[in-house]
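For reference, the structure discussed in these notes is given below.
Hydrogens, waters and symmetry mates are skipped; everything else that's a heavy atom, side chains included, is used.
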Number of protein chains: 2
Amino acid sequence: MPIRILIVDDHSVVRQGLQMFLALDPDIEVIGEASNGAEAVEFVKDEQPDVVLMDLLMPIMDGIEATKVIRSDFADTEVIALTSVLEDNAVVGAIRAGAIGYLLKDTEADDLVRAIKAAASGQVQLSPKAAERLMREIRAPESPEKLTDRETEVLRLLAEGKANKEIARELSISETTVKTHVSNILMKLNVPSRTQAALYAVRIGLVSEDSLGE
Amino acid sequence: MPIRILIVDDHSVVRQGLQMFLALDPDIEVIGEASNGAEAVEFVKDEQPDVVLMDLLMPIMDGIEATKVIRSDFADTEVIALTSVLEDNAVVGAIRAGAIGYLLKDTEADDLVRAIKAAASGQVQLSPKAAERLMREIRAPESPEKLTDRETEVLRLLAEGKANKEIARELSISETTVKTHVSNILMKLNVPSRTQAALYAVRIGLVSEDSLGE
DNA sequence: ATTCATATCCTTCAAAAGTAGGAGAGAGCA
DNA sequence: TGCTCTCTCCTACTTTTGAAGGATATGAAT
């Protein structure tokens, strides 16, 4: 019997493209589509597909979160992260969340099919570039340290362009404390200034672009 | 005779999806694909399609640059910018480069077809979100004053997270001069800090997200 | 010829950002 | 009970940023 697939992506163009790719192979059957993480989790609960092709960047519930839920609740369903941008943290995040594969959207049709078949039998599949990143990540001692909840909160405000004094007011703590947090953030992210920290936050999607400067 | 289309996107999945969408309509014929801006320009030179569907974020030559070239050299070819959510703030840049339309990738098949037909006859097409952005940009009473070339250059470096000293070194001018430029930039953009100026630059797509912090 | 915009540089000063090195309170864990 | 982590706050200090108010040179426009 064919491998049962769920496609999760917020862009209908991409979903259609994947359908197209996968229609070429008789061993694969696309049994559903979802346009966000929450829908995906629902679908998996009802239908238990063999493999989920998961976009990481989505509204409602992002792909990493959805992957985490699926992998912890439905161990028989494998997840392949499929994304357009190669982002260091996303690779590590996806793997940590339980994804068995990480592919870029520029993957060719037959590579994709191969990856799905591998995933269905529990084998790990990474696109060459992703694998390289992962290697670098593991080797490199300069992988950003994990921020605490409070630090993340401060970073979010910082990344909205707010001054220390404003952040202090907003969180009802002293400006000194904010400075302490900011210093720790800079140290952990290994960047020299709040501006670079803000750019980092935007890059990893901590703040939506809509909120930038308004 | 059908409308002749060129699809430009660096992801084969997306190209395939678009092909799929457009195959539904007999009035539309996809005559080629390109995976970066440089290829796109080449193709337009050889084949002069009626409409180009252009992704904005690509390697080699980005979509805005390619649009600029195409529109200045081949006036009969219309360009529709087609992007994913994250980039939807490059609206102004795309329009300024000469794009006649701006659509998001979550557009449905028939909307896309409608947009292409409109573009082929020279009509402007914007997705609701893009239109909103544009309106806001135009309406905004505090519409940012125009920056000079030098100021834009400084802003670009600033938006890469560089300090005044670094910018001075890079441009071979004194730090004092950089400070003067930065002050003028903040005044013109009506923001209180370099961090907010950097975020503004990202928002309008002055720096590509790839370059952020890397 | 003169005015205007741009770009360069200066000094002086105030505010904001960051660093260094503490220290106490509370939560959770071995 | 210690131990560690997080969050909070402090003083004292340096560096960076940014504002204010100049000055000079160039080139284009009137």
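- Among residue pairs with one or both ends in residues 161-170 of chain A, those qualifying as salt bridge (Lys or Arg N to Asp or Glu O under 4.0 Å) are A/E160-A/K162, A/K162-A/E170; sequence neighbours excluded.
- The NZ atom of A/K188 sits 11 Å away from the C1' atom of D/dC7 (whole-angstrom rounding).
- Neither OP1 nor OP2 of D/dT6 sits under 4.0 Å from any side-chain N or O of A/T148.
- In this structure, B/N190 places its CG atom 15 Å from P of D/dG18, rounding to the nearest Å.
- Annotation: side chain to side chain donor-acceptor pair (under 3.5 Å) contacts of A/E47 (sequence neighbours excluded): none.
- The nearest whole Å value for the distance from the CD atom in A/E153 to the C1' atom in D/dT6 is 13 Å.
- Looking only at side-chain heavy atoms (C-beta outward), A/Y200 and A/I185 stay at 4.5 Å or farther from each other.
- Of the residues in residues 168-182 of chain B, B/I173, B/S174, B/T176, B/T177, B/T180, B/H181 come within less than 4.0 Å of DNA chain C through at least one heavy atom, sorted by number.
- Of the candidate nucleotides D/dT17, D/dA19, D/dT16, D/dT17 has the atom lying nearest to any side-chain atom of B/R194.
- OP1 or OP2 of D/dT17 sits under 4.0 Å from a side-chain N or O of B/N164.
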side-chain contact (heavy atoms from CB on, under 4.5 Å), that's the test. Do A/M54 and A/I80 meet it? Break it down for me.
CA-CA 6 Å; A/M54 176 82 75; A/I80 296 178; over 6 Å; no
List every contact pair, protein side and nucleotides 25-30 of chain D side both N or O, where the distance is under 3.5 Å.
none

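- For the residue pair A/S174 / A/T177, a side-chain donor-acceptor distance below 3.5 Å is found, with atom types taken as modelled.
- Rounded to 10°, the angle separating the first-five-pair axis and the last-five-pair axis of the helix from C/dA1-D/dT30 to C/dA30-D/dT1 equals 40°.
- Protein chain A contacts DNA chain C from C/dA16 to C/dT19, reading 5' to 3' and using non-hydrogen atoms of the protein with a distance under 4.0 Å.
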